[in-house]
Amino acid sequence: MNEIIRVRFAPSPTGYLHIGGVRTALFNWLFARHHKGRFILRIEDTDISRSTDESIKQIIEGLTWLSIDWDEGPFRQTERRDIYIQHIERLLKEGKAYRCYCTPDELEQKRKEALAKGEKPKYDGHCRNLDTLPAGRPWAVRFKTSMEGNTIVEDLLRGKVVFDNKELDDLIILRSDGIPTYNFVVVVDDATMKITHVIRGDDHLSNTPRQVQLYHGLGYQPPRFLHLSMILGSDKTRLSKRHGATSILSYRDMGYLPEAMVNYLVRLGWSYGDQEIFSKEELIEKFSIENIGKSSAVFNPEKLLWLNSHYIKNGDSLYLASHLIPHLLKEGILSENKDSGISIKEIAKVIPSLQERSKTLIEMAKGADFFFDKEIQYDENGAKRFLTPSIIPIFEKLIDMFERSESFDTDSLKRIFTDITEKEGVELGKIAQPVRLALTGKTVSPGIFDVISLLGQDRVIERLKKGIRYIQISLKRDLGSI
RNA sequence: GGCCCCAUCGUCUAGUGGUCUAGGACACCAGCCUCUCACGUUGGAGACACGGGUUCGACUCCCGUUGGGGCUACCA
């Protein structure tokens, strides 16, 4: 094969960009990159009433977030109207299409009747051979479909799929408002954009015979088709809002890393032996149509979460910090104006302590709050349990040792703690939990030596002293209330 | 309803007629590790939808049933 492979992703901007669409985009993109072909982005906005600019913005933002880049486009079908009209006029002139004067109401009426009689609702060809054209009535254009014989769709995944042309009818290619319809524009676009492989969702398979007939009517060679099975929700129905977040950007906002999303999505319908983790470079190298599965897949958020935690665990600190910042801001842990002095390097420094205990960036942001907060709030139950008078001597001893300690690395901190536990004859846990509470306000945090070391001498001593004051104050209050 | 597609653990999947007492991953359960939470680690439970063929032999091939999905618009 030395032809240049050209594929496209052609979403309609009628809602958010969802998981299924992204998977289709990803497969097209990988196919193009693997074969050093071209990946084209085309916005299918012929449904003017439902298409929105906001949706187009989201599509672009979503693909960009995932680093799925395109070589041509984004093209918008509404900007290509002249091309479609030329094609329609040609079909009209060649007698391969005709004007249809039936109104939507009449059609709806006929459909209902057919359904009531238990028949297949098909256009009856009323206007196909009109002798006199009614004047002054609005008209649409229909394609003269061949209703004899079969149309065979050669699908790269499923092999030959045979459709009986009796099932087809004359489809509308130009609406009465002058806007061409999807099944027509998709053919004209794919043909004129020289698309070699149409990789799209399974939901388009049934429309493919109509499109194949259009290719032939227009005198174009059809591309090769590959219909991907759909992604379903946990109840095996079509993925929708009912299944929680389906917009790709909402996963970004929930603290997912783009590489986790890509890795998760690619394994929905594609596999490479037993391998689960793939870098983008590896995917481009290894992706092939042979390893695409035929059955539909159920979207499983747990596995996505696992992959996310994997990429968080293994990510570079600075890289993670750059993705973490928006969440620190959103969670109110950092504020744009107040904390502008904090550098990304400072943020990156605390990340290793959080990597293996964060499944999402939001978790990581929340777990990092005590590094940045000036005043920490004590967890109520934790304080009750661990900030008790008996710990005061230990805190005092620690403060003393910290003040005298020259180095503050985890090794010397460990020595200080071992020293105390041995002298006092207590387990580390008895000391670590109260210290953790005093330093982080929480009962759960990174390793205590990491916390101390990261916080630094001054803040540690200050927070321990604050802990002691807190114990003394609540002691007085308790005595007072007796 | 008609037409089309699909069918291996709960989920994603490996498997292309014998190597399958069916492999991996997520989730789940138990043990170990341990300063909390995690990570890690060891082990466990868990599937070829059903019925007919074809074949010396079917998870693998064919047919049917069942189940799921899609299409059936002047939506895409």
Side-chain angles (χ1 to χ4, degrees), chain A residues 10-15 44-47 49-51 77 100 102-104 107-108 111 115 118-123 138-142 153 155 157-158 161-164 166-169 171-177 179-183 185-186 201-210 227 229-230 232 234-238 264 267-277 291 293-307 309 313 354-359 363 367 382 386 417 421 427-433 435-437 440 442-449 451:
Chain A
S12 70
T14 52
E44 311 241 308
D45 57 351
T46 51
D47 184 351
S49 59
R50 293 200 301 149
S51 296
Q77 292 180 323
C100 173
C102 302
T103 66
L107 261 16
E108 185 57 31
R111 187 185 2 262
L115 243 25
E119 286 170 10
K120 186 181 169 66
K122 280 173 53 171
Y123 179 60
W139 45 271
V141 175
R142 283 185 191 267
V153 175
D155 189 279
L157 235 199
R158 303 164 203 280
V161 184
V162 182
F163 294 87
D164 191 330
K166 279 202 295 282
E167 298 295 325
L168 273 24
D169 62 2
L171 80 154
I172 288 183
I173 55 177
L174 184 72
R175 299 184 182 91
S176 50
D177 63 4
I179 297 165
T181 57
Y182 164 75
N183 274 303
V185 294
V186 73
D202 206 358
D203 47 342
H204 292 283
L205 182 54
S206 299
N207 283 321
T208 309
R210 297 170 173 287
H227 289 93
S229 282
M230 317 213 73
L232 309 175
S234 52
D235 55 359
K236 300 219 175 190
T237 63
R238 201 183 189 133
Y264 176 71
R267 287 282 291 99
L268 243 37
W270 178 83
S271 60
Y272 191 81
D274 283 341
Q275 190 172 341
E276 295 287 350
I277 306 292
N291 295 321
K294 290 196 279 195
S295 48
S296 44
V298 172
F299 180 75
N300 179 215
E302 275 85 33
K303 189 155 183 184
L304 170 61
L305 193 61
W306 171 73
L307 277 162
S309 65
K313 220 174 298 164
L354 263 357
Q355 277 177 291
E356 58 191 29
R357 57 196 100 232
S358 312
K359 287 186 194 297
E363 274 183 38
F386 297 116
F417 273 81
T421 50
E427 284 170 11
L428 178 56
K430 295 281 182 227
I431 302 178
Q433 276 307 80
V435 172
R436 169 171 287 114
L437 215 288
T440 70
K442 295 184 278 201
T443 56
V444 171
S445 85
I448 195 67
F449 305 119
V451 169

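Below, each value reflects all heavy atoms present in this structure, side chains not excepted, and no hydrogens, waters or symmetry copies. All chains are named by letter (A, B, ...) in the order of the sequence lines, taking the proteins before the strands, and each is independently numbered beginning at 1.
- The nucleotide B/rA7 finds its pairing partner in B/rU66, both defining distances of the Watson-Crick or G-U wobble pair being shorter than 3.5 Å.
- A close approach under 4.0 Å does occur between a side-chain nitrogen or oxygen of A/R238 and OP1 or OP2 of B/rG70.
- Comparing the P positions of B/rC62 and B/rC5 gives an interatomic distance of 13 Å, to the nearest angstrom.
- Relative to the side chain of A/L232, the nucleotides B/rU13, B/rG68, B/rA76 differ in distance, and B/rG68 lies closest.
- For B/rC56, the paired nucleotide is B/rG18, the pair qualifying as Watson-Crick or G-U wobble because both relevant distances are below 3.5 Å.
- Atom CG of residue A/D169 and atom OH of residue A/Y123 lie 9.5 Å apart, to the nearest 0.5 angstrom.
- With B/rG69, B/rA27, B/rC74 as the choices, the nucleotide that has an atom nearest any side-chain atom of A/M230 turns out to be B/rG69.
- What separates CG of A/L307 from C1' of B/rG24 is a distance of 14 Å, to the nearest Å.
- Looking at heavy-atom distances under 4.0 Å, A/G269 makes contact with sugar-phosphate atoms alone, never a base.
- Separating the NE2 atom of A/H227 from the C1' atom of B/rG69 is a distance of 15 Å, rounded to the nearest angstrom.
- Taking atom P in both B/rG2 and B/rA58, one finds a spacing of 34 Å when rounded to whole Å.
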Any N/O pairs under 3.5 Å between the protein and nucleotides 35-38 of chain B? List them or say none.
{"residue": "B/rC35", "atom": "O2", "partner": "A/R436", "partner atom": "NH1", "Å": "3.4"}
{"residue": "B/rC35", "atom": "O2", "partner": "A/R436", "partner atom": "NH2", "Å": "2.6"}
{"residue": "B/rC35", "atom": "N3", "partner": "A/I448", "partner atom": "N", "Å": "3.1"}
{"residue": "B/rU36", "atom": "O4'", "partner": "A/Q433", "partner atom": "OE1", "Å": "3.0"}
{"residue": "B/rU36", "atom": "O2'", "partner": "A/T443", "partner atom": "O", "Å": "3.1"}
{"residue": "B/rU36", "atom": "N1", "partner": "A/R436", "partner atom": "NH1", "Å": "3.3"}
{"residue": "B/rU36", "atom": "O2", "partner": "A/S445", "partner atom": "N", "Å": "2.8"}
{"residue": "B/rU36", "atom": "O2", "partner": "A/S445", "partner atom": "O", "Å": "3.2"}
{"residue": "B/rU36", "atom": "N3", "partner": "A/R436", "partner atom": "NH2", "Å": "3.1"}
{"residue": "B/rU36", "atom": "N3", "partner": "A/S445", "partner atom": "O", "Å": "2.6"}
{"residue": "B/rU36", "atom": "O4", "partner": "A/G447", "partner atom": "N", "Å": "3.2"}
{"residue": "B/rC37", "atom": "O2", "partner": "A/R357", "partner atom": "NH1", "Å": "2.8"}
{"residue": "B/rC37", "atom": "N3", "partner": "A/R357", "partner atom": "NH1", "Å": "2.3"}
{"residue": "B/rA38", "atom": "O2'", "partner": "A/E356", "partner atom": "O", "Å": "2.5"}

side-chain contact (heavy atoms from CB on, under 4.5 Å) between A/L268 and A/V298, worked out
CA-CA 8 Å; A/L268 243 37; A/V298 172; over 6 Å; no
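- The distance from atom CZ of A/R111 to atom P of B/rG1 is 19 Å, rounded to the nearest whole Å.
- Taking atom C1' in both B/rU55 and B/rG18, the straight-line distance is 12 Å, to the nearest Å.
- Between A/F417 atom CZ and B/rU34 atom P the separation is 18 Å, expressed in whole Å.
- Taking every side-chain heavy atom of A/D274 into account, B/rA14 is the closest of B/rC74, B/rC12, B/rA14.
- Annotated as syn: B/rC39, whose O4'-C1'-N torsion sits within 90° of 0.
- Separation of the C1' atoms belonging to B/rC6 and B/rG23 is 23 Å when rounded to the nearest angstrom.
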Base contacts versus sugar-phosphate-only contacts with protein, heavy atoms under 4.0 Å: please encode nucleotides 41-51 of chain B as B, S and - from 5' to 3'.
-----------
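- For B/rG70 and B/rC63, the C1' atoms lie 24 Å apart once the distance is rounded to whole Å.
- The distance from atom NZ of A/K303 to atom C1' of B/rA27 is 10 Å, rounded to the nearest whole Å.
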Kindly determine whether A/F163 and A/L168 satisfy side-chain contact (heavy atoms from CB on, under 4.5 Å), including the steps that lead there.
CA-CA 9 Å; A/F163 294 87; A/L168 273 24; 5.5 Å; no
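- With contacts defined as side-chain heavy-atom distances shorter than 4.5 Å, the pair A/T208/A/H227 qualifies.
- Spacing between B/rU11 and B/rA47 at atom P, rounded to whole Å, works out to 12 Å.
- Taking atom C1' on both B/rC71 and B/rC59, the two are 31 Å apart, rounded to the nearest angstrom.
- Here the C1' atom of nucleotide B/rC12 and the OH atom of A/Y264 are 6 Å apart, to the nearest Å.
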Taking it one step at a time, do A/S296 and A/R238 satisfy side chain to side chain donor-acceptor pair (under 3.5 Å)?
CA-CA 10 Å; A/S296 44; A/R238 201 183 189 133; over 6 Å; no
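- With rounding to whole Å, A/I172 atom CD1 is found 10 Å from B/rA73 atom P.
- A/E108 and A/R111 are joined by a salt bridge, as a carboxylate oxygen and a charged side-chain nitrogen come within less than 4.0 angstrom of each other.
- Within the nucleic acid shown, A/I431 has no heavy atom closer than 4.0 Å to any nucleic acid atom.
- Using a 4.0 Å heavy-atom distance criterion, A/E276 is classed as a base contact.
- Closest approach of A/M230 and A/D202 over heavy atoms only: CG-CB, 3.8 Å.
- As judged by a 4.0 angstrom heavy-atom cut-off over every strand, A/C100 is placed among residues making no nucleic acid contact.
- Atoms OH (A/Y123) and P (B/rA73) sit 14 Å apart, rounded to a whole Å.
- Looking at A/N207, its side chain comes within 3.5 Å of the base of B/rA76 through a donor and an acceptor atom.
- A/S271 contributes atom OG, which lies 9.5 Å from atom CD of A/E276 (distance to the nearest 0.5 angstrom).
- In this structure, CG on A/N183 lies 4.5 Å from CG on A/N207, to the nearest 0.5 angstrom.
- Between the CD1 atom of A/I179 and the CG atom of A/D47 there is a distance of 8.5 Å, given to the nearest 0.5 Å.
- Between A/R158 and A/L205, the closest side-chain pair of non-hydrogen atoms falls below 4.5 Å.
- In this structure B/rC48 sits in no base pair that meets the Watson-Crick or G-U test at under 3.5 Å.
- Two residues are said to be in side-chain contact when any heavy atoms from C-beta on lie closer than 4.5 Å; A/F386 and A/T443 meet this criterion.
- Side chains of A/V451 and A/R436 form no contact here, defined as non-hydrogen atoms less than 4.5 Å apart.
- Closest-nucleotide positions on RNA chain B for A/N300 and A/D235 were compared, and the one nearer the 5' end corresponds to A/N300.
- Atom name C1', nucleotides B/rA27 and B/rC20: the rounded distance is 25 Å, in whole Å.
- Ring geometry, A/Y182 versus A/H204: the interplanar angle falls from 30° to 60°, so the pair is classed tilted.
- Not a single donor-acceptor contact under 3.5 angstrom links the side-chain atoms of A/Q275 to the base of B/rG24.
- A sub-4.0 Å separation between OP1 or OP2 of B/rC75 and a side-chain N or O of A/S49 is absent.
- Applying the 4.0 Å criterion to OP1 and OP2 of B/rA14, one finds that A/S271 has a side-chain N or O inside that range.
- Nucleic acid contact class of A/T103 (heavy atoms, under 4.0 Å, all strands): base.
- Atom NZ of A/K313 has more than 12 neighbouring heavy atoms from other residues, nucleotides or ligands inside a 6.0 Å radius.
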Which atom pairs link the protein and nucleotides 3-8 of chain B when you take only N or O atoms and keep those under 3.5 Å?
{"residue": "B/rC5", "atom": "O3'", "partner": "A/R158", "partner atom": "NH1", "Å": "3.4"}
{"residue": "B/rC5", "atom": "O2'", "partner": "A/R158", "partner atom": "NH1", "Å": "2.4"}

